[in-house]
Amino acid sequence: QKLLKNLKLAPMEALYYTSPITLGWMGLAVFTELPDVWRTSAHAIVGSHPVLFCVAGLSGFVINLSGFLLVKRTSGMTLKILT
């Protein structure tokens, strides 16, 4: 909320500043989940449905962007009330 209100950042700029932290947490998840994925051959699901996974990634990006836009236009309390 401070990034968007006080520094006058656009939602895309806010994603730019928060993405390294997100990447770090995803890296942690990869190290903890990857052995189970290889053991159960769950990675084959991605290969058999690539369009579905691309659409899911794009929708996640749009949801993050709309969350930052919501906080910029209103306040962080609005987002907490909606969730």
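Listed by first then second residue, pairs satisfying salt bridge (Lys or Arg N to Asp or Glu O under 4.0 Å) with a partner in residues 14-32 number zero, not counting sequence neighbours. Residue pairs meeting the side chain to side chain donor-acceptor pair (under 3.5 Å) criterion with at least one member in residues 28-39, sequence neighbours excluded, are Asp36-Arg39. The side chain to side chain donor-acceptor pair (under 3.5 Å) contacts involving residues 40-65 comprise nothing, where partners must be two or more places apart or lie in separate chains.
By the side chain to side chain contact (heavy atoms under 4.5 Å, CB included) test, Phe61 pairs with Met12, Leu15, Leu65, sequence neighbours left out.
Hydrophobic clustering, defined by side-chain heavy atoms of Ile, Leu, Val, Met, Phe, Trp and Tyr closer than 4.5 Å, groups Ile21 together with Trp25, Leu28. In this structure, Phe53 shares a hydrophobic cluster with Ile45, Val46, the cluster being traced through Ile, Leu, Val, Met, Phe, Trp and Tyr side chains under 4.5 angstrom apart.
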